[in-house]
Visitor: 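Mind looking over this structure? Questions follow.
Residue numbers start from 1 in every chain, and the chains themselves are labelled A, B, ... in the order their sequence lines are given, proteins ahead of strands. The model shown is predicted, which means the values in this text are computed figures rather than measured ones.
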Amino acid sequence: MTGTVEALINLMMADQVAIPLLDPILNILYGIPLLGHLLALILWKPLFAALICPGFATLGGLLMLLPWIERKLVARIQWRIGPHEILPQMGGVIQLLADSLRFLFQEVIVHRDAKQPYFLQFPVLSFIPALLPLLFIPAGTIIAIESPYGAQIVLAMVTLFPLFILGLGWASNSRFAYIGTVREAFVYFGYEIALIVSAFAMIVLYGTSDPLAISGMQQVPGIILNPVAALAFFIASAMATSRLPFEIPEADQELAGGPHVEYSGILFGLIYVISYEKVYILSGLMTLLFLGGGSGPEIRVLGDLSGLIWFILKTLLVMIALIALRAIYPRYRLDQALRIGWNPVFTLSTIAVGVSLMEVLLL
Amino acid sequence: MRKVVAPDYTVFEHVKRHVEAVKTAIREAIIPESVTCSYPKERRKMPASFRGYLIFDPDRCISCFGCAFICPANAIRMKEAEDGRYYPTIDYGKCIFCHFCLDSCPEGALKPTKIHDVAYRDLDRMLTLTEEMIEPPEIIREDKRYVEYVIDGRDLHLRRVDGEDELLVDLPPPSKVERIASCIDPESCTGCRICEEVCEHGVIRSSVEEDGVRMVIDSERCTGCGLCVKECSMRVLRLVRR
Amino acid sequence: MGGLLEWKVRAPDKPMKDRLYFDGLKANVIDTGLCSRCLTCACICPVDGIRVVDDKVDFPDREERCRDCGACIRVCPRFDYRPKYGMGDYLEFTAARSKRFSGQDGGMVTEIMISAIEMGMIDRGLFVGRDERWRPQVFHLHDSSQLEVGTLSGTKYTFATVLKELKKAVLLTRNGVGVVGTPCIVSGVRKLQMEFPLFRDRVRLVIGLFCTENFHYDELMSFLEKKGIKPEMLIKTDITKGRFIATMVDGEVKFKVKELEEILPSGCSVCTDFTAVESDVSVGSVGSEPGFSTVVVRGKSAEEVIAYIREKGYAEFGEGDPGQLDFLIDYKVGRFYVKTKDDKD
Amino acid sequence: MNDEKNRNIDILRTGPFSWLKRWSARWSLWPCHFVTSCCGVELAHASGCGYDMERLGTLTMGISRQTNTIIVEGTITRKMARALRIVWEQMPDPKFVNVIGACGQRGGIFWNSYHITHPHTIVPVDFFVPGCPVTPEALIRGVRALQKKIEGEDRDTIRFKKANLQFKERKKNMPPTSPKLLAPTPLIRNDIPGGVGWEDGDELVEMVRSRLKGLTASITVTDERRITIRTREDEIKEIAKRLSEIGFDHVKSVNLVDVPHEKKLILEYVISGYSKSLMPILITLTADIRGKYDLPGLSDIWQSADYTERELQDLFGVRFEGNSWNEIFMLAPDTPQSPLRKSFRLEEEEYILKDGVPLTPHIDPPSDLNAPLPSGVLEEVEEMGEYLVLVGPHHTGSGHMRWIMRLDGDIITEIIPDPGYVHRSMEKIAESRLYIQNIPLFERLCIVDPVNMNLGYVRAIERALKVDVPERAAYIRTMMAELSRIGCFIYDAGIFSLFMGHSTGFMYLWAIREMLLETFLRITGSRCSPSFILPGGVRRDVGDDLLDLIGNLTTAILPRFKKFEDIFVRNPVLLARVKGVGVLSRDEAVRYGIVGPFLRASGVEYDIRKIEPYDAYDSLGWEMITADDGDSLVRFLVRLEEMRESLGIVSQCVDVLKGMRKGDVISEEILGDYQEGSRDIRGSLYRVYGNLVLPRGEWTVLTEAARGTLLFSIMSDGESNVPYRVRVITPSWMNLRGLIEAARGERMADFWAIYGSFGYFPPEADR
């Protein structure tokens, strides 16, 4: 028994997140029984990746922050201020906290026609496809599950998202939700292939789909190596995350929110963030594939955290780019989006594969 | 006559327009041209002509009912005061702030203010009685500065000035020609003395004599409110220049 | 545009000291049965308080509202009653039939009024229309097109509140007003005109109707119902040759006029004026061939109108026979003496 | 009601974490997207960039389920009351209601309307914000008050101080009677010869007369370019047919006038033609109908009459033969029957305050929440294998209306409009108010285009009185009307960009609108409801400092507008969305009775400012804008170009006014005895206008409002100081039919591209 624990601890200690800056403090803390063990557990790279970054905690933090960033940024572009008075000193940064607490304390209405169990389950379950891919995305060197097929797995899981949206739209049993769901399904067909093919182009280019390897290989970022793929991937992720101009399933002015039209209270709060979860994952993937993941000038004192910070910064940049689209574009029609998905974007991604092949052959 | 032709973009133009849109957004994100007025902390400076809540000067009022008669929403109704005269009351639950009343008031007894940002919790409280209209009301103010819209030939600028904006407006009484009531057809007068009864100032007086009624209009004190002219069932009265 | 700041209104003598003028009127005219219900008093009343209550003229809330100006007494034609009778003075006695309007007889009341409107002499005529149940309603006629409503012409034999509307008409008019009415109404208008210049100037044409009597609406209707006449089915009523003829959708009912005497209002029984001697022009059916109206032109304004009608050829003129009227004139006068004799008994 | 109100606040005040609940609820008051009436415009301004409610955490969003506040914006009609209750019921607890605008309180200017209700009898209301429309600041004050209430401090934000009135003498006075004068059994005529010299008129009358040979038709020239053809009811159809053959291709208005004392209804069709020679001519085809309520309908000859006939069926309880619509169209199921007949009377005004009680007619809230669908639609839809989507009235993209959409897949097979949610019964109310009192009333037809609405009504009065406007006033009016036109376009374009999902475009335009409203504010004292134009002139002169401001404005909005164009108008996504969508050919546009810039976008050169110029339009240089495509894109672009022309007109007016000597702004004839009001009406408004009486007859005037032809037709009996009947046909009402037809066969999402391109504003249509 003790042996197993000992072995486990050793295993964990061998794969700790190294932070030279905090070493002295950490060393003292390790000495304290229980707390030290707990710390060791948390700082164990796979667990750290799943729980802290890029996993659960970061996701949670971003979900609190991202809508605020979006609202502030869009407000700024729109010549106004955005959330402010709640905490004027910090530009109202806790606005989302108030909103989410309000949702939490609000009544959850399950209307008579809803398919009740599913109606309640799907918003909660939709965290699964959000969290699972995060296990395969490395933040610098920190990754939960190392796999040579990491990139494919992430892609596969990302495409799970629409299923949950279809589920909750179906469970709502409302006309607008239904139309939104159908639109979601259509758009899914529109972007999926392009997304996968453009990612495939990069895998071809790198010759590996191991996330750590991919980020390690990008002395020159992928976006420069294959800008066509980057563009195709970006557009496809805008479609995948239902950002404008492809905010077709939700289409506030047309469908009043589409799949989530019937949700209220905290259930809506959960659905509200799904699209931001998607944004995070796809931005992470984009960072990994095109922006070199956690690579960047290393800050020695931070050790492993250095790569992590670079990764987060780059991801944030991609996310902001995706978010800012809201302020720039109107919305396409469904058929137009599908045409764009199948025609220019798919063509771009195919060309991207060609570009990759050429580069591989030439270099 | 000019014809509009719908544009047709080439691929190159497509890209150019995309870039332009993105460029605009980026430029505005970096140097925003915000026009937001942070009410409650600051309030827009309203011009003196602003049509807000009204205050009332009973000394000027001649009880001519002009405000009540013209009010399109029937928000102004006259209330009988202790002296038997009628003064306006305003139901802000009906008032549409057209200020027709103010423009109808020949004496300038109704005065504008820049008060307009008010919330009531009770509908019945929205009826403002005469007594409450005399002093300017007290409103919750959180503004520490006011914002003035300055529009020059190039753009709109927000000029922020610290301090509270004065909400009362000093409006001089309107220019007017004094008028008095007079009788144009004494023979058709029935001697019913309704004019005496409606005259809020006791200007028209009657004295019953042996063989009839003597009617007198005190021209010095006649305010020219015109109520007698309006009410005379035989239309023998008229307003004339003093 | 000047005006007086001081003026004096002549007040009539008070019939009852320490009481309202209207009380005096009530005691002297209404309660004595002299009142003809012409409603001249209601016309002049400055507070518009006089109205008909239970077939009697009354001012129910006079204690509160009456201004005690005495105008009602000044204008009441029966207050200082000097009965008129006979044919009176006239300029022309003729018979005519309108080519434009079909009335009960010659349609001449309508013709005269419309012609006066067309001439611009007046801009409105006060007519009596009726609703489905034959309740009289005052109608301000401005234009011949309004006649299409169909209920304006024809005799109603019930009291109408024409004069109650007269002041409104006089105040609204731009040119002048024409009035159609029974002899008592004509007398009322004349009294008004005598007392008040407003009416003198603006009532330009007074058309009197030949009248033996008039009935209270409710009494007449219950009487007719006893005779098997339903007001809704009634098309027109007429008195010819001592017979009351009610034409209905499904036939006619006739009975002797005499029978109506049981519901004869007292105000009519003291009236001796059959031909409306004070009017500008009197019109009636007696004194001319069937289908023609008898027209007795008395005033200058009416003369002008008749001349206009002649000029335009709007009416066909025939011969009138003043002699035919004598019977009814005498009948009315005779009734008065019977009545006064009864009173003495 | 009070229980419901307290329950909501109690949820926050009690239980664990109550402070957290209150804190979060306070900073997250999301009003749902439920636009009930004109105050919605100011709600948009409050959330627009000028005030940005989002600063306070108040984000207008989505629908009832996800929000916690209802801001009732003004009038709640009987029809909308149902929606209001449903929305409130759908909203999760705890929820709050603020009512803004006088209409939602004691009814405001519509207090005695037959179609309004009092929101506080339908849902529990937390705060009432007075105004008409309220300013955004007042709206935010309401939100602040609500925040304070959640925090624990529940109070009015105003406190009055009671002063003592000083009394000198005592005398019991009699209150005066109502100022309204109603003529008894008035003469109502619409074919009074105008006695005007109109050269081409005789020729035209002759031509028409020869065409109508053998039919009963009295043809009267009532005014310049106005002809009335009176006929018998059984021949009206034949006459209509013949007239349509000689080029009278559309109906501008259908009207009924109830004349109960003559036991008749006057039926009127105002028709005109879009060929060059017929353009400014209006023919009123009229017949008296007695003793029946089945009227000859002409919608099979002129389709443009269709919806207007349907409306009259509701309002007068009649049936038009040949009209396919058999059920209720505008009104709620429990509205009084045939309210526009004269026998239906509205509550009378009172001028004396009795017992300190506000005057409000008792209005029962609707007994059920049922908003019926046209019968048979459900079955038919099922049979055809289609499905039905009900859009609105509580929907982010519906406006104050319900669209019953029949869809086959993504394709719209048919849209059945369900208007009347903002039907405030203006025409009825106008019949009971003084002429002057109707000025603010009709302004509220369209609060985003108030000056043109005002101008349309005032011009009808002026046409009747035959008064001329002083030159200075004419230029001021033209300038104001064009500013209003710009404001309206900016509004419509903003809503259009919002419909297209582009909130930035909306915000950019709202900044421009904020500038325009500031200008209106400084000129007139009110942001959205100037009531500035009076018969014979304007309320007061516009000073040089204001002229400078307006001059500056014409150039100042351009740079900002350029940014809007860069980000929205020229955005390829927009082009893809609107080009070739909702095409109406010239013929279709004429057939369905479309008006204004939307008609011009289909290639008809028709602008009332050109063909029948009024005020200062013919002395200014500007061009009519047309296009040929007739799709959503050019409908939008035509208006955009028109805005540029309008800017030109405004700056020309400013130049002229600056160079002009200061002078009268109200005509002498109107002022009569009160010439002291010639430069500023203050002090004499009631005395000058209180007793305004129009000559007898019907006066029909066309005005080019921002969205097209605005028709005002005033029927006067010549004696009353209130109109006998006012008929308003607003551009939005006429465009409704075209909108529906344009959307047929397009994709569902295209509906909003079409809707937005038409700038459709339900309050304007519903009247």
Visitor: Does D/Thr524 offer a backbone N or O that forms a donor-acceptor pair with the side chain of B/Arg51 under 3.5 Å?
Guide: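 The answer is yes, because a donor-acceptor pair under 3.5 Å joins these two groups.
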Visitor: Look only at the side chain of D/Ser526 and the backbone of D/Ser529, and say whether a donor-acceptor pair between them is shorter than 3.5 Å.
Guide: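 Side chain of D/Ser526 to backbone of D/Ser529, a donor-acceptor pair under 3.5 Å: yes, one is there.
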Visitor: Please classify the contact of D/Arg159 with chain B as side chain, backbone, both or neither, using a heavy-atom distance under 4.5 Å.
Guide: both
Visitor: If I measure from the heavy atoms of chain D, does B/Arg2 come under 4.5 Å with its side chain, its backbone, both, or neither?
Guide: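 Both parts, backbone and side chain.
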Visitor: Do D/Glu641 side-chain atoms and D/Val638 backbone N/O form a donor-acceptor pair below 3.5 Å?
Guide: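 No; judged by distance alone, with no hydrogens or angles, the pair does not exist.
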Visitor: Checking B/His157 side chain against B/Ile151 main chain: does a donor-acceptor pair fall under 3.5 Å?
Guide: no
Visitor: For each of D/Lys354, D/Arg540, D/Gln675, D/Glu443, tally heavy-atom pairs with chain B at distances under 4.5 Å, and name the one with the top tally.
Guide: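 The candidate making the most pairs under 4.5 Å is D/Arg540.
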Visitor: Report the option among D/Gly104, D/Gly142, D/Gly131, D/Gly101 that has the most heavy-atom pairs separated by less than 4.5 Å from atoms of chain B.
Guide: D/Gly131
Visitor: Can you check whether D/Asp52's main-chain N or O pairs, donor with acceptor, with D/Arg55's side chain at less than 3.5 Å?
Guide: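 Yes.
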Visitor: I'd like to verify something: which residue of D/Asp548, D/Asp566, D/Asp607 has the highest number of heavy-atom pairs under 4.5 Å with chain B?
Guide: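 With the most close heavy-atom pairs to chain B, the winner is D/Asp566.
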Visitor: Relative to chain D, which segment of B/Asp124 carries a heavy atom at a distance below 4.5 Å: side chain, backbone, both, or neither?
Guide: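 Its backbone and side chain both get close to chain D.
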Visitor: How long is the span from the OH atom in D/Tyr686 to the SG atom in B/Cys64, to the nearest 0.5 Å?
Guide: 9.0 Å
Visitor: Do you know which of B/Cys101, B/Pro173, B/Cys37, B/Cys67 has the most heavy-atom pairs with chain D at a distance under 4.5 angstrom?
Guide: B/Cys37
Visitor: Find the distance between CG (D/Asp680) and CG (D/Leu685) and round it off to the nearest 0.5 Å.
Guide: 10.5 Å
Visitor: Is chain D contacted by the side chain of B/Met126, its backbone, both, or neither, given a heavy-atom distance below 4.5 Å?
Guide: side chain
Visitor: Please confirm whether B/Tyr92 and B/Tyr53 have ring centers closer than 6.0 angstrom.
Guide: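 Distance test on ring centres: under 6.0 Å, yes.
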Visitor: Just jot down the side-chain contact (heavy atoms from CB on, under 4.5 Å) partners of B/Arg27, sequence neighbours excluded, or say none.
Guide: B/Thr24, D/Lys563
Visitor: Given that the side chain runs from C-beta out, which part of B/Lys3 has a heavy atom under 4.5 Å from chain D: side chain, backbone, both or neither?
Guide: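 Contact with chain D: backbone and side chain both.
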Visitor: Against chain B, work out which of D/Ala601, D/Ala46, D/Pro175, D/Gly603 has the most heavy-atom pairs shorter than 4.5 Å and name it.
Guide: D/Pro175
Visitor: B/Asp122, B/Ile139, B/Asn74: which one forms the most heavy-atom pairs within less than 4.5 Å of chain D?
Guide: B/Asn74
Visitor: What's the separation between atom CZ in B/Phe69 and atom CD in D/Gln437, rounded to the nearest 0.5 Å?
Guide: 10.5 Å
Visitor: Out of D/Asp156, D/Asp126, D/Asp154, which residue meets the salt bridge (charged side-chain N to carboxylate O under 4.0 Å, His left out) rule with B/Arg121?
Guide: D/Asp154
Visitor: Output the option from D/Ile352, D/Leu521, D/Thr555, D/Leu441 having the highest count of non-hydrogen pairs under 4.5 Å with chain B.
Guide: D/Ile352
Visitor: Which of the residues B/Ile76, B/Thr89, B/Ile115 is involved in the greatest number of heavy-atom pairs with chain D at under 4.5 angstrom?
Guide: B/Thr89
Visitor: Could you check which of D/Lys610, D/His118, D/Lys162 has the highest count of heavy-atom pairs closer than 4.5 Å to chain B?
Guide: D/Lys162
Visitor: Is it the backbone or the side chain of D/Ile439 that comes under 4.5 Å from a heavy atom of chain B, or both, or neither?
Guide: side chain
Visitor: What part of B/Pro88 is in contact with chain D, defined as an atom under 4.5 angstrom from a non-hydrogen atom: side chain, backbone, both or neither?
Guide: neither
Visitor: Are any side-chain N or O atoms of B/Arg43 and backbone N or O atoms of B/Pro40, one a donor and one an acceptor, separated by less than 3.5 Å?
Guide: no
Visitor: Side chain, backbone, both or neither: which part of B/Glu197 has a non-hydrogen atom closer than 4.5 Å to chain D?
Guide: both
Visitor: Quick check: does any side chain N or O of D/Arg570 sit under 3.5 Å from a backbone N or O of D/Ile567, one acting as donor and the other as acceptor?
Guide: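 Answer holds: no.
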Visitor: Keeping the roles fixed (side chain from D/Arg444, backbone from D/Cys132), state whether a donor-acceptor pair exists under 3.5 Å.
Guide: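 Yes, D/Arg444 side chain to D/Cys132 backbone: donor-acceptor pair under 3.5 Å.
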Visitor: Any donor-acceptor pair under 3.5 Å linking the side chain of D/Asp629 with the backbone of D/Asp631?
Guide: no
Visitor: I'd like to know if the side chain of D/Glu645 reaches the main chain of D/Glu623, judged simply by a donor and an acceptor atom lying under 3.5 Å from each other, with no hydrogens or angles considered.
Guide: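 Yes, D/Glu645 side chain to D/Glu623 backbone: donor-acceptor pair under 3.5 Å.
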Visitor: Let's test your reading of the structure: which of B/Leu227, B/Asp152, B/Ile134, B/Leu102 forms the most heavy-atom pairs below 4.5 Å with chain D?
Guide: B/Asp152
Visitor: Pick one of side chain, backbone, both or neither for B/Asp155, based on which atoms fall under 4.5 Å of a heavy atom in chain D.
Guide: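 Contact with chain D: backbone and side chain both.
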Visitor: Pick whichever of B/Phe65, B/Tyr149, B/Phe50, B/Phe97 has the most heavy-atom pairs under 4.5 Å with chain D.
Guide: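 Ranked by contacts with chain D, first place is B/Tyr149.
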Visitor: Chain D: which of B/Asp8, B/Val5, B/Val147 shares the most heavy-atom pairs with it under 4.5 Å?
Guide: B/Asp8
Visitor: How would you list, in number order, the residues of residues 11-19 of chain B that have a heavy atom less than 4.5 Å from chain D?
Guide: B/His14, B/Arg17, B/His18
